[in-house]
Student: 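Mind having a look at this structure? Questions to follow.
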Amino acid sequence: MLQEALREIQRGTAEIIDNERIEKLLKAYFDEGKTYTVKAGFDPTAPDLHLGHTVLLQKLALFQKYGAKVQFLIGDFTAQIGDPSGKSATRKTLSAIEIEENARSYKEQIFKILDPLKTEVVFNSEWINLLGASGMLSLTTTFNVARMLERDDFDKRYKSGVSISISEFIYPLLQGYDSVHLKSDIEIGGTDQKFNLLMGRHLQRAYEIGKEQSVLMMPILEGLDGVQKMSKSLNNYIGVVDEPNDMFAKLLSISDELMWRYYELLSTKTLDEIAVLKNGVADGSMHPKSVKEDLALEITARFHSKESARAAKDEFDKIHSNNQLPSEIDEYSCDGKIWIAKALVDCKLAPSTSQARRDIKQGAVKINQEKVNDEQLQLESGEYVLQVGKRKFAKLKVI
RNA sequence: GGUGAGAUAGUCAAGUGGCCAACGACGGUGGACUGUAAAUCCGCUCCCUAUGGGUUCAGAGGUUCGACUCCUCUUCUCACCA
């Protein structure tokens with residue numbers, strides 16, 4: 001039982017620091033029912049969670065299954081600095097109202113995976129604001145610049161002469177201080193967070209709180225392109241609030257290679273089951289597309305329902321395999337005769353009439369499934385189904 | 001505080017007085033091929049009913065028939081020195 005739990009916890013992890021301590025905590029839970037805390041920090045600026053975040057959330061949920069209290073930390077104070085691993089050093093500060101809204105939106109999303117009874121949502125401004133100047137100063141004395149520069153991205157930026165703000169040095173310290181305040185037993189995060197996560201251990205030691213958190217790092221999930229990490233700004237993400245149809249379609253669009261990565265990090269199938277699928281595809285007895293469909297169904301069902309996942313698959317087959325129209329299309333209307341290029345812009349199928357004209361020239365535009373050749377075409381009154389490329393549709397009613 | 005270098009389209013990056021709406025790469029997008037995958041090939045990629053017109057090369061002025069290119073100031077970035 002204990003061994004099995006440990007194996008599940010280790011699944012897919014990139015690195016675990018102080019694994020023995022995790023074993024002890026779990027043993028104490030199994031033997032005496034003792035609970036422990038697992039911390040994970042999130043940025044309040046991006047309340048739209050995507051599958052990359054759920055890799056962490058699923059791991060947290062697993063810990064909950066084995067006796068953990070999750071400290072879901074919203075870094076409302078640290079967000080004012082901006083994590084140095086991100087691109088922009090300076091970020092706009094969020095108002096209290098915005099943060100509250102974002103937090104609410106977080107809660108709606110995370111409890112699709114986490115158990116609300118075993119989750120405590122906390123904000124780090126609560127204790128960091130109490131630190132004061134002297135508290136902040138004593139925090140900075142626990143570390144030095146040379147060691148700070150060991151951090152990979154600082155190192156690179158320093159060597160290549162890209163600016164580093166002093167406030168960015170503060171960021172890891174504050175994140176580590178969160179672990180001191182919360183007395184976390186374990187902290188989990190992405191591999192890109194390694195430095196910050198270790199800072200938690202360092203500061204817990206420096207502040208002598210009597211324990212040093214274990215650190216569990218998950219790999220960064222690649223986005224739909226299969227290369228860069230999944231993120232909203234790169235627009236290669238699958239949001240947990242995506243509509244079932246979108247979610248299903250996006251999952252099917254990943255490459256075969258990436259599919260295994262997603263299986264490992266997102267599926268609840270056991271590693272043995274996944275190995276069977278992998279062998280099946282390798283020896284040709286299984287079609288990669290159907291294996292991918294299973295994954296897409298599983299994930300879509302997790303955030304919606306089995307039924308809507310099924311429906312999404314049917315819809316998908318309908319549009320793409322059978323070349324039919326989707327069952328729900330945005331509808332627009334306009335008064336009087338309209339020029340086709342203008343109509344495409346109005347229906348949001350093209351960003352400008354220039355682009356619309358280019359699309360027409362290239363044969364990308366269809367009306368009622370018929371290719372349009374004449375870019376001067378005027379639409380008389382009636383109802384039309386406009387299409388650009390393979391996946392953009394709109395219905396237009398000309399009155 | 002001083003000295004020097006730099007700021008070009010979504011990103012990187014050419015362009016040093018007219019041939020510039022600006023080479024190229026990446027990204028994005030359309031087409032072919034497919035399993036709406038990947039790989040590959042081809043087209044498009046500032047705006048505008050358009051063999052033409054408009055607005056662009058950090059910002060503001062100036063020189064010139066003409067400026068992304070020259071001059072001045074401003075803002076920002078980096079390097080070296082203090």
Side-chain angles (χ1 to χ4, degrees), chain A residues 86-90 154 156-165 168 222-238 245-263 277-278 280-282 284-297 299-300 312-326 334 336-346 348-367 369-379 386-393:
Chain A
K87 289 177 216 160
S88 56
T90 46
F154 283 149
K156 275 191 202 131
R157 280 160 67 187
Y158 188 67
K159 279 183 182 148
S160 63
V162 179
S163 87
I164 302 170
S165 161
E168 293 180 79
E222 291 85 352
L224 299 175
D225 52 39
V227 179
Q228 289 184 280
K229 71 172 187 175
M230 184 177 283
S231 87
K232 204 182 172 192
S233 51
L234 293 172
N235 197 27
N236 62 356
Y237 71 106
I238 301 176
N245 288 349
D246 278 351
M247 196 178 270
F248 187 87
K250 281 183 185 173
L251 281 163
L252 261 204
S253 79
I254 63 175
S255 71
D256 290 354
E257 207 183 325
L258 186 60
M259 158 170 87
W260 300 117
R261 185 91 171 133
Y262 278 33
Y263 255 114
L277 295 177
K278 222 170 182 169
V281 170
S285 63
M286 277 184 221
H287 197 291
K289 194 192 175 199
S290 70
V291 177
K292 205 184 289 175
E293 274 174 350
D294 286 346
L295 175 72
L297 279 173
I299 308 242
T300 308
K313 179 180 166 359
D314 292 343
E315 178 78 5
F316 186 88
D317 290 343
K318 188 172 148 194
I319 302 170
H320 300 292
S321 307
N322 307 327
N323 247 332
Q324 293 174 357
L325 295 173
C334 70
K337 219 156 102 160
I338 185 164
W339 175 41
I340 176 69
K342 188 91 180 60
L344 292 173
V345 174
D346 286 352
K348 302 202 166 79
L349 296 179
S352 68
T353 56
S354 297
Q355 183 62 47
R357 290 163 63 112
R358 277 179 221 121
D359 287 340
I360 294 167
K361 251 181 237 164
Q362 293 176 144
V365 176
K366 287 180 191 162
I367 294 180
Q369 317 266 43
E370 301 259 340
K371 196 177 275 184
V372 176
N373 298 312
D374 176 14
E375 62 175 63
Q376 294 301 332
L377 184 68
Q378 300 285 332
L379 296 178
L386 307 178
Q387 182 181 356
V388 176
K390 284 171 188 161
R391 34 185 132 174
K392 283 181 278 187
F393 297 90

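When reading the values below, keep in mind they use all heavy atoms of this one structure, side chains included, and skip hydrogens, waters and symmetry mates. Naming: A, B, ... by sequence-line order, numbering from 1 per chain. Remember, it's a predicted structure, so these values are computed and weren't measured experimentally.
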Student: Quick one: look up who B/A38 pairs with, Watson-Crick or G-U, both distances under 3.5 Å, and put none if it's unpaired.
Tutor: none
Student: Output the single nucleotide from B/G35, B/G30, B/U49 whose closest atom is nearest the side chain of A/His287.
Tutor: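 The answer is B/G35, which lies nearest to the side chain.
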Student: Pick base, sugar-phosphate or nothing for A/Gln378, based on heavy-atom distances below 4.0 Å to the nucleic acid.
Tutor: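 Base contact.
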Student: Look up atom CG in A/Leu344 and atom CZ in A/Arg357, then write down how far apart they are to the nearest 0.5 Å.
Tutor: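 Here the rounded value is 12.0 Å.
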Student: What nucleic acid atoms does A/Ala341 come within less than 4.0 Å of, heavy atoms only: base, sugar-phosphate, or nothing?
Tutor: nothing
Student: Can you tell me how far P of B/U29 sits from NZ of A/Lys392, to the nearest Å?
Tutor: 8 Å
Student: Between the base of B/G27 and the side chain of A/Asp225, is one N or O donor paired with an acceptor at under 3.5 angstrom?
Tutor: no
Student: Taking the side chain as everything from C-beta on, heavy atoms only, tell me whether A/Leu379 gets closer than 4.5 Å to A/Lys337.
Tutor: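 Answer no - side chains too far apart.
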Student: Without decimals, in angstroms, what is the distance between A/Phe248 CZ and B/G35 P?
Tutor: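 Rounded to the whole Å, the gap is 16 Å.
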Student: Say you pick atom P in B/A25 and the same atom in B/G17; how far apart are they, in whole Å?
Tutor: 26 Å
Student: Using atom C1' of each nucleotide, how far apart are B/G54 and B/G2 to the nearest Å?
Tutor: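 Nearest-Å result for B/G54 against B/G2 at atom C1': 46 Å.
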Student: Rounded to the Å, how far apart are A/Asp346 CG and B/U49 P?
Tutor: 11 Å
Student: Hey, which of these two, A/Ser352 or A/Lys366, hits RNA chain B nearer its 5' end, going by closest nucleotide?
Tutor: A/Lys366
Student: Return the nucleotide paired to B/C57: Watson-Crick means purine N1 to pyrimidine N3 with N6-O4 or O6-N4, wobble means G-U with N1-O2 and O6-N3, both under 3.5 Å.
Tutor: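 Base partner found: none.
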Student: On a whole-Å scale, what distance lies between the P atoms belonging to B/C65 and B/U49?
Tutor: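 Comparing P positions in B/C65 and B/U49 gives a spacing of 36 Å.
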Student: Report the distance from atom CZ of A/Arg357 to atom P of B/U45, rounded to the nearest whole Å.
Tutor: 13 Å
Student: Return the CD to CD distance between A/Glu257 and A/Glu222, rounded to the nearest 0.5 Å.
Tutor: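 One gets 9.5 Å once the value is rounded to the nearest 0.5 Å.
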Student: Mark yes when over 12 heavy atoms from residues, nucleotides or ligands other than A/Glu370 sit less than 6.0 Å from its CD; otherwise mark no.
Tutor: no
Student: Could you tell me whether a side-chain N or O of A/Lys313 sits under 3.5 Å from a main-chain N or O of A/Phe248, the two making a donor and an acceptor?
Tutor: no
Student: If you measure from the P atom in B/C70 to the same atom in B/A14, how many Å do you get, rounded?
Tutor: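 It works out to 16 Å between them.
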Student: Are A/Ser354 and B/C46 close enough that a side-chain N or O sits under 4.0 Å from OP1 or OP2?
Tutor: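 The answer is no; no side-chain N or O of A/Ser354 sits under 4.0 Å from OP1 or OP2.
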Student: Could you tell me whether a side-chain N or O of A/Ser290 sits under 3.5 Å from a main-chain N or O of A/His287, the two making a donor and an acceptor?
Tutor: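 Side chain of A/Ser290 to backbone of A/His287: a pair is present.
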Student: Counting only side-chain nitrogens and oxygens, does A/Thr353 get under 4.0 Å of the OP1 or OP2 atom of B/U49?
Tutor: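 For B/U49, OP1/OP2 do have a side-chain N/O of A/Thr353 under 4.0 Å.
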Student: Between B/C20 and B/G31, how far is it from one C1' atom to the other, in whole Å?
Tutor: 30 Å
Student: Output the rounded distance in Å from CH2 (A/Trp339) to C1' (B/U49).
Tutor: 4 Å
Student: In whole angstrom, what separates A/Ile338's CD1 from B/U49's P?
Tutor: 12 Å
Student: Could you tell me which nucleotide pairs with B/U64 by Watson-Crick or G-U wobble geometry, both distances under 3.5 Å, or answer none if nothing does?
Tutor: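 B/U64 is paired with nothing.
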Student: Nearest to the side chain of A/Lys390, heavy atoms from C-beta on, is which of B/G31, B/G35, B/U49?
Tutor: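 For A/Lys390, the side-chain atoms sit closest to B/G31.
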Student: Is A/Lys292 touching bases, backbone alone, or none of the nucleic acid, heavy atoms closer than 4.0 Å?
Tutor: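 If one applies the 4.0 Å heavy-atom cut-off, A/Lys292 turns out to touch a base.
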Student: Would you confirm whether A/Thr353, through its side chain, and A/Ala356, through its main-chain N or O, come within 3.5 Å as a donor-acceptor pair?
Tutor: no
Student: The criterion is ring-ring contact (aromatic ring centres under 6.0 Å, His included); which residues satisfy it with A/Tyr263, sequence neighbours excluded?
Tutor: A/Trp260
Student: Tell me, yes or no, whether the heavy-atom count around A/Gln378 atom CD, taken from other residues, nucleotides or ligands under 6.0 Å, exceeds 12.
Tutor: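 Enclosed: over 12 neighbouring heavy atoms sit under 6.0 Å from CD of A/Gln378.
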Student: What contact category does A/Leu258 fall into here, base, sugar-phosphate, or nothing, at under 4.0 angstrom with non-hydrogen atoms?
Tutor: nothing
Student: Could you measure between the two P atoms, the one in B/G27 and the one in B/G66, and give it in whole Å?
Tutor: 42 Å
Student: Using atom CD of A/Gln387 as one end and atom P of B/G31 as the other, report the distance to the nearest whole Å.
Tutor: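 One finds 8 Å between P of B/G31 and CD of A/Gln387, rounded.
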Student: Does the structure show a Watson-Crick or G-U wobble partner for B/A82, both distances under 3.5 Å? Name it, or say none.
Tutor: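 In the structure as shown, B/A82 has no Watson-Crick or wobble partner.
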Student: What is the base-pairing partner of B/A50, counting Watson-Crick and G-U wobble geometry with both distances under 3.5 Å?
Tutor: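 Checking every strand shown, B/A50 finds no partner, since no pair has both distances under 3.5 Å.
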Student: For A/Ser231, does its backbone N or O pair with a side-chain atom of A/Asn236 as donor and acceptor, under 3.5 Å?
Tutor: yes
Student: Are any of the side-chain heavy atoms of A/Val372 and A/Leu386 separated by less than 4.5 Å?
Tutor: no
Student: What pairs of nitrogen or oxygen atoms, one from the protein and one from nucleotides 41-44 of chain B, lie under 3.5 Å apart?
Tutor:
unit_1 : atom_1 : unit_2   : atom_2 : d
B/G43  : N2     : A/Gln362 : OE1    : 2.8
B/G43  : N2     : A/Gln362 : NE2    : 3.0
B/G43  : N3     : A/Gln362 : OE1    : 2.9
B/C44  : O4'    : A/Gln362 : OE1    : 3.1

Student: For A/Val388 and A/Gln376, take the nucleotide of RNA chain B holding the closest heavy atom to each; which residue's nucleotide lies nearer the 5' end?
Tutor: A/Val388
Student: Hey, is the main chain of A/Glu375 close enough, under 3.5 Å, to the side chain of A/Trp339 for a donor-acceptor pair?
Tutor: yes
Student: Can you tell me, in whole Å, how much space there is between the C1' of B/G59 and that of B/C68?
Tutor: 15 Å
Student: Given that both distances must come in under 3.5 Å, which nucleotide forms a Watson-Crick or G-U wobble pair with B/C76?
Tutor: B/G6
Student: Write down the distance separating the P atoms in B/A7 and B/U51, rounded off to the nearest Å.
Tutor: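 That atom pair is separated by 36 Å.
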Student: With a 3.5 Å limit on both atom pairs, tell me what B/A14 is paired to, counting Watson-Crick and G-U wobble, or say none.
Tutor: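 Pairing partner, where one exists within any strand: none, as none qualifies.
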Student: Identify the nucleotide, in any strand shown, that forms a Watson-Crick or G-U wobble pair with B/G28, with both distances under 3.5 Å; if there is none, say none.
Tutor: B/C44
Student: Once you round it to whole Å, what is the distance between C1' of B/C48 and CD1 of A/Ile340?
Tutor: 18 Å
Student: Looking at CG of A/Leu349 and CD of A/Gln355, how far apart are the two atoms once the value is rounded to the nearest 0.5 Å?
Tutor: 11.5 Å
Student: With the criterion being N/O to N/O and under 3.5 Å, what pairs connect the protein with nucleotides 52-57 of chain B, and how long is each?
Tutor:
none

